[in-house]
**Student:** 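Right, I'll just put the structure down here and ask away after.
By convention in this document, chain letters (A, B, ...) are assigned in the order of the sequence lines, proteins followed by strands, and residues within each chain are numbered from 1.
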2 protein chains.
Amino acid sequence: MMLAVSCARFCSGLAAFRTAARVRPLHSVSGTTVAQIDEEVAKLLELKAQLGGDDGKTQFVLKTPKGTRDYNPKQMAIREKVFSTIVSCFKCHGAETIDTPVFELKETLTGKYGEDSKLIYDLKDQGGELLSLRYDLTVPFARYLAMNKITNIKRYHIAKVYRRDNPAMTRGRYREFYQCDFDIAGQYDAMIPDAECLKIVHEILSALELGDFRIKVNDRRILDGMFAVCGVPDDKFRTVCSTVDKLDKMSWENVRKEMVDEKGLSEEAADQIGVYVSMQGGMDLAERLLQDPKMSQSKQACAGLSDIKLLFSYLQLLQVTDKVVFDLSLARGLDYYTGVIFEAVLTQACMTPVSTDTQNGSEENVSVGSVAGGGRYDGLVGMFDPKGRKVPCVGVSIGIERIFSIMEQKAEASAEKIRTTEVQVMVVSAQKNLLEERLRLVTELWNAGIKAEMMYKKNPKLLNQLQHCEEAGIPLVAILGEQELKDGVVKLRVVATREEMDVSRADVISEVRRRTSEA
Amino acid sequence: MMLAVSCARFCSGLAAFRTAARVRPLHSVSGTTVAQIDEEVAKLLELKAQLGGDDGKTQFVLKTPKGTRDYNPKQMAIREKVFSTIVSCFKCHGAETIDTPVFELKETLTGKYGEDSKLIYDLKDQGGELLSLRYDLTVPFARYLAMNKITNIKRYHIAKVYRRDNPAMTRGRYREFYQCDFDIAGQYDAMIPDAECLKIVHEILSALELGDFRIKVNDRRILDGMFAVCGVPDDKFRTVCSTVDKLDKMSWENVRKEMVDEKGLSEEAADQIGVYVSMQGGMDLAERLLQDPKMSQSKQACAGLSDIKLLFSYLQLLQVTDKVVFDLSLARGLDYYTGVIFEAVLTQACMTPVSTDTQNGSEENVSVGSVAGGGRYDGLVGMFDPKGRKVPCVGVSIGIERIFSIMEQKAEASAEKIRTTEVQVMVVSAQKNLLEERLRLVTELWNAGIKAEMMYKKNPKLLNQLQHCEEAGIPLVAILGEQELKDGVVKLRVVATREEMDVSRADVISEVRRRTSEA
């Protein structure tokens with residue numbers, strides 16, 4: 001996606017290298033390494049471009065900013081399909097939608113993201129307010145609720161968010177990316193809205209047909225209780241929690257090392273945490289931990305465990321327990337969670353290598369990471385309210401970019417052609433000097449609401465016009481020629497069958513309608 | 001939309017003042033003055049908040065950044081309806097869609113916007129590339145074409161753009177606002193794609209039912225030729241053009257003054273320009289100007305005038321000449337236009353005052369400004385191409401925020417209730433302890449793809465549940481009670497008629513489907 005001026009040859013070599021690296025993402029060249037190489041190459045090209053090309057003219061790099069990309073029409077077709085599936089589900093559950101600005105006052109975001117705050121994009125101070133790009137949709141939602149004194153809402157919000165993170169674009173990790181959030185705000189009875197959020201994740205991941213998945217569930221109160229009974233000092237809960245959050249990317253050994261060496265935890269505390277975070281189960285595990293001599297010492301942990309039991313009882317009624325697992329290693333990085341937390345991961349390697357020289361079994365290690373996550377955050381709205389009035393909230397965010405990556409690869413692998421327009425009929429001319437006649441007919445079609453197009457040339461070749469129909473997947477052609485004009489007809493051609501028939505000019509609209517509604 | 005912590009009373013007074021000012025935007029308190037007062041008040045409140053409230057706690061202002069707004073669910077419902085009308089039209093004309101990042105490399109935007117460049121939002125230099133928020137969708141489109149070596153495309157792009165302008169939000173002028181762009185790129189025969197752009201503006205403004213409108217057309221070559229024959233020095237073309245562009249907001253006297261006093265033009269030149277820019281007409285005016293002794297001296301002007309004639313001949317075939325007028329005062333501010341330019345204005349005052357103390361005739365002077373604009377820019381892609389290869393382009397941008405403002409006011413004025421969800425059936429309980437039964441039924445409905453909801457309380461009151469249906473416009477209620485459970489039925493209630501019937505549990509899905517597809 002990057003291209004520097006006056007080094008086209010170098011770049012096309014680079015593109016070939018990249019393409020090769022992308023089709024074998026699982027082998028000797030790992031995703032991270034490719035990303036690192038990309039970054040270095042980008043820096044060098046930028047430098048080269050700034051220095052000016054061989055002709056001494058000012059040169060500049062022709063690219064999108066680091067970690068971002070354009071969507072071409074094919075990618076947009078996939079994106080719109082995914083969005084429409086997700087929005088249908090949100091609407092099925094009765095959600096309204098809102099939108100907020102892409103930037104917020106800097107202070108609105110301050111103190112909400114813990115260690116991740118360094119990844120926030122700030123705007124330049126050009127006079128006036130200090131602004132930052134939104135980091136997620138949750139904090140703007142909380143600000144919206146407090147500002148408008150809303151105490152009850154079920155809303156979805158689909159929009160781009162911004163993080164100055166290290167991008168790994170081949171794996172769907174970008175600096176500008178979409179979030180699809182569904183949240184329920186309001187003072188309700190325990191675990192009912194929480195259970196619906198999990199139902200929604202289940203419905204969306206099933207509908208998108210991404211292969212098998214698991215939804216891990218835990219509770220911040222269980223984590224905090226666990227930290228307390230394992231002897232973690234109160235002021236280290238959040239930082240130790242961030243380390244536990246890395247268990248999906250790092251081995252336990254390395255997580256333990258970070259806890260002890262970097263976070264200054266005692267070895268005993270770390271080892272006791274190690275016992276708990278290896279536990280996975282269902283309602284039974286919650287039951288067992290409620291009897292655990294250590295864990296049951298913590299009131300917080302017990303409250304969390306009782307709620308997990310209640311949650312599972314609702315999940316049974318909602319018919320989603322097959323995919324949900326209570327997992328004590330699930331931590332989630334963000335500071336604002338206060339209760340249930342959850343994360344969905346795909347368990348089938350959807351990103352299968354295209355090349356044939358697969359190393360045995362290496363696919364098993366591939367993970368696109370979590371594709372959805374969320375939890376309960378009862379304190380966030382209160383942080384914005386002048387009187388600290390709380391509005392309990394629970395919500396889920398669908399990690400759409402990773403899903404796009406998978407869908408794109410699926411589309412590339414399949415033989416099915418993706419149409420990027422919806423044109424039903426192309427108006428073409430068989431001879432010269434028929435521009436006016438084409439304009440007349442296409443106007444008739446447009447005025448009747450039929451999706452139609454024609455070539456913007458005075459005298460296009462018939463073959464070129466028909467070829468465009470084949471390439472763009474346009475099902476019908478309306479051919480105008482001298483003979484047809486004389487006879488007062490239009491020749492309709494069905495592209496798929498090459499069948500042709502003369503239709504009287506007065507019947508063209510109804511005939512096109514009839515034939516396109518059939519398809 | 002702004003609220004400062006611990007000064008709620010002051011603010012509610014302010015809100016009352018604002019509301020009063022908004023309903024009478026045409027009278028003693030003009031739009032600009034209100035905006036200025038708002039700004040001053042905002043500054044003072046921010047200062048007050050930073051100083052801390054009476055209790056000494058740190059305080060902050062709870063608002064969206066200056067010139068931006070949230071969209072609430074009702075506004076979103078209107079927005080989605082408008083977008084869907086516009087997208088339908090773009091698709092009817094066979095357009096694909098693309099998306100680009102919200103920010104670009106700063107240098108990508110440099111030198112494209114002339115005097116407006118000062119309004120670009122820059123991001124803070126946090127290490128790495130220097131970035132700016134996109135100012136329009138045209139420059140990113142040109143960058144996209146050059147980067148991907150695309151020479152032919154018909155695409156639309158709907159996205160937000162950013163300008164650090166003086167907002168006038170009551171009139172739909174924001175710092176963050178949507179643009180809906182349709183562009184045709186490619187080397188084609190003169191005026192054919194240009195005519196389609198005008199057809200699209202005509203279709204969209206007609207479909208949105210915003211009242212009568214005019215589409216003004218001119219050509220940069222006619223303007224430049226006119227400047228040349230009037231004796232404007234070459235290096236002053238662009239800056240004089242910016243002044244002419246103000247004719248829709250300023251009187252000729254003031255425009256003339258700016259030309260002479262600020263831009264240093266001779267009085268004779270200004271007066272000669274004054275003669276031309278008062279001219280309006282159709283194909284006949286182009287014909288006449290081709291015979292004009294002065295104007296016909298300019299090759300550029302003649303080329304532009306011939307193309308205007310050709311354009312009108314195509315517009316006749318496209319059946320849109322009723323709304324199009326050739327207007328020599330139309331200039332458009334942006335630097336990159338090279339040929340035909342156009343702008344659509346609403347000619348009926350849609351923004352009628354709500355209050356009754358209307359001053360006579362003042363409505364006539366109201367204008368929401370242009371609601372669409374565009375033109376031909378044949379040089380922009382070449383500015384990004386390493387070898388300067390040109391890709392001729394023509395396009396149109398729909399000024400959607402002004403249209404939203406009008407639609408919102410129409411919606412407020414009308415009695416019709418806007419639904420913000422699509423829920424078809426609400427599952428309610430008539431007695432206590434029926435949460436599990438409600439969860440079972442709502443799961444069945446969701447699994448069948450029916451839009452359904454229930455209250456997140458264990459034992460909600462029947463009245464509250466029914467009230468929610470009335471308020472949210474939900475057409476059906478599925479009532480569960482002890483008797484119904486015993487009988488193996490669900491009581492279906494039609495909210496509009498209050499008609500109730502028992503439906504056997506096995507038939508609920510099909511009965512709900514039947515009743516909601518009817519509506």
**Student:** Keeping Gln126(B) on the side-chain end and Ile120(A) on the backbone end, is there a donor-acceptor pair under 3.5 Å?
**Tutor:** yes

**Student:** Lys160(A) versus chain B, heavy atoms under 4.5 Å apart: side chain, backbone, both or neither?
**Tutor:** side chain

**Student:** Which value, rounded to the nearest 0.5 Å, describes the distance between Leu133(A) atom CG and Tyr121(B) atom OH?
**Tutor:** 11.0 Å

**Student:** By a 4.5 Å heavy-atom criterion (distance strictly below it), what part of Leu317(B) contacts chain A: side chain, backbone, both, or neither?
**Tutor:** both

**Student:** Without swapping roles, check the side chain of Glu104(A) against the backbone of Thr64(B) for a donor-acceptor pair under 3.5 Å.
**Tutor:** no

**Student:** With sequence neighbours left out, write down each residue that passes side-chain hydrogen bond (donor to acceptor under 3.5 Å, both in side chains) with Tyr188(A), or none if nothing qualifies.
**Tutor:** Asn152(A)

**Student:** Take Lys154(A) and Glu453(B) through the test side chain to side chain contact (heavy atoms under 4.5 Å, CB included) and record every step on the way to the result.
**Tutor:** CA-CA 11 Å; Lys154(A) 179 162 62 182; Glu453(B) 65 176 350; 2.5 Å; yes

**Student:** Main chain of Thr100(A), side chain of Asp70(B): is a donor-acceptor contact present, judged purely on distance under 3.5 Å?
**Tutor:** no

**Student:** Examine whether an atom of Arg155(A) lies under 4.5 Å from a heavy atom of chain B, and if so say whether it belongs to the side chain, the backbone or both; otherwise answer neither.
**Tutor:** neither

**Student:** Taking atom types as modelled, is there a side-chain donor on Glu196(A) or Tyr456(B) under 3.5 Å from an acceptor on the other?
**Tutor:** yes

**Student:** So, are Arg69(B) and Asp99(A) salt-bridged, with charged N and O less than 4.0 Å apart?
**Tutor:** no

**Student:** Specify the closest pair of heavy atoms between Pro101(A) and Pro65(B), including all atoms of both residues, with the distance to one decimal.
**Tutor:** CG-CD, 4.4 Å

**Student:** Between Val102(A) and chain B, which part of the residue has a heavy atom less than 4.5 Å away: side chain, backbone, both or neither?
**Tutor:** both

**Student:** Using non-hydrogen atoms and a 4.5 Å limit, figure out which bit of Lys74(A) sits close to chain B: side chain, backbone, both or neither.
**Tutor:** neither

**Student:** For residues Cys92(B) and Ile450(A), determine if any side-chain heavy atom of one lies less than 4.5 Å from a side-chain heavy atom of the other.
**Tutor:** no

**Student:** Under a 4.5 Å heavy-atom cut-off, does chain B meet the side chain of Ile474(A), its backbone, both or neither?
**Tutor:** neither

**Student:** What part of Ile150(A) gets closer than 4.5 Å to chain B, counting heavy atoms only: side chain, backbone, both or neither?
**Tutor:** neither

**Student:** Taking every non-hydrogen pair under 4.5 Å, which of Asn72(A), Thr420(A), Asp122(A) racks up the most with chain B?
**Tutor:** Asp122(A)

**Student:** If you count heavy-atom pairs within less than 4.5 Å of chain B, which of Glu444(A), Glu436(A), Gln316(A), Met454(A) leads?
**Tutor:** Glu436(A)

**Student:** Before you tell me yes or no, could you show the steps for His93(B) and Val423(A) under side chain to side chain contact (heavy atoms under 4.5 Å, CB included), namely the whole-Å CA-CA distance, both residues' side-chain angles and the distance that decides it to 0.1 Å?
**Tutor:** CA-CA 8 Å; His93(B) 287 260; Val423(A) 176; over 6 Å; no

**Student:** Is it the backbone or the side chain of Arg419(B) that comes under 4.5 Å from a heavy atom of chain A, or both, or neither?
**Tutor:** neither

**Student:** So which of Lys199(A), Met455(A), Met426(A), Arg175(A) has the largest heavy-atom pair count under 4.5 angstrom toward chain B?
**Tutor:** Lys199(A)

**Student:** Check step by step if side chain to side chain contact (heavy atoms under 4.5 Å, CB included) holds for Arg143(B) and Leu62(A).
**Tutor:** CA-CA 7 Å; Arg143(B) 190 265 307 146; Leu62(A) 198 51; 3.9 Å; yes

**Student:** What part of Glu203(B) is in contact with chain A, defined as an atom under 4.5 angstrom from a non-hydrogen atom: side chain, backbone, both or neither?
**Tutor:** side chain

**Student:** Side chain of Glu422(B), backbone of Gly94(A): donor and acceptor closer than 3.5 Å?
**Tutor:** no

**Student:** Pick one of side chain, backbone, both or neither for Glu176(A), based on which atoms fall under 4.5 Å of a heavy atom in chain B.
**Tutor:** side chain

**Student:** With respect to chain B, which residue among Val442(A), Leu435(A), Asp125(A), Val320(A) yields the maximal number of heavy-atom pairs within a distance under 4.5 Å?
**Tutor:** Leu435(A)

**Student:** Using a 4.5 Å cut-off on heavy atoms from C-beta on, say whether the side chain of Asn447(B) contacts that of Gln319(A).
**Tutor:** yes

**Student:** Side chain, backbone, both or neither: which part of Leu445(B) has a heavy atom under 4.5 Å from chain A?
**Tutor:** neither

**Student:** Who among Ile153(B), Ile184(B), Asn459(B), Leu131(B) has the most heavy-atom pairs with chain A under 4.5 Å?
**Tutor:** Ile184(B)

**Student:** Just wondering, do Glu107(A) and Val61(B) contact through their side chains at under 4.5 Å, heavy atoms?
**Tutor:** yes

**Student:** Give a yes or no on whether the backbone of Lys66(B) and the side-chain of Glu129(A) come within a donor-acceptor separation of less than 3.5 Å.
**Tutor:** yes

**Student:** Checking Thr97(A) now: which residues fulfil side-chain contact (heavy atoms from CB on, under 4.5 Å) with it, not counting sequence neighbours?
**Tutor:** Tyr156(A), Met76(B), Glu80(B)

**Student:** Top residue by heavy-atom pair count (under 4.5 Å) with chain A, among Gln424(B), Gln187(B), Arg79(B), Arg440(B)?
**Tutor:** Arg79(B)

**Student:** Run the numbers on Thr421(A) and Lys91(B) for side chain to side chain contact (heavy atoms under 4.5 Å, CB included), then give the verdict.
**Tutor:** CA-CA 7 Å; Thr421(A) 78; Lys91(B) 285 189 174 171; over 6 Å; no

**Student:** Measure Tyr174(A) against the heavy atoms of chain B and call it side chain, backbone, both or neither at under 4.5 Å.
**Tutor:** neither

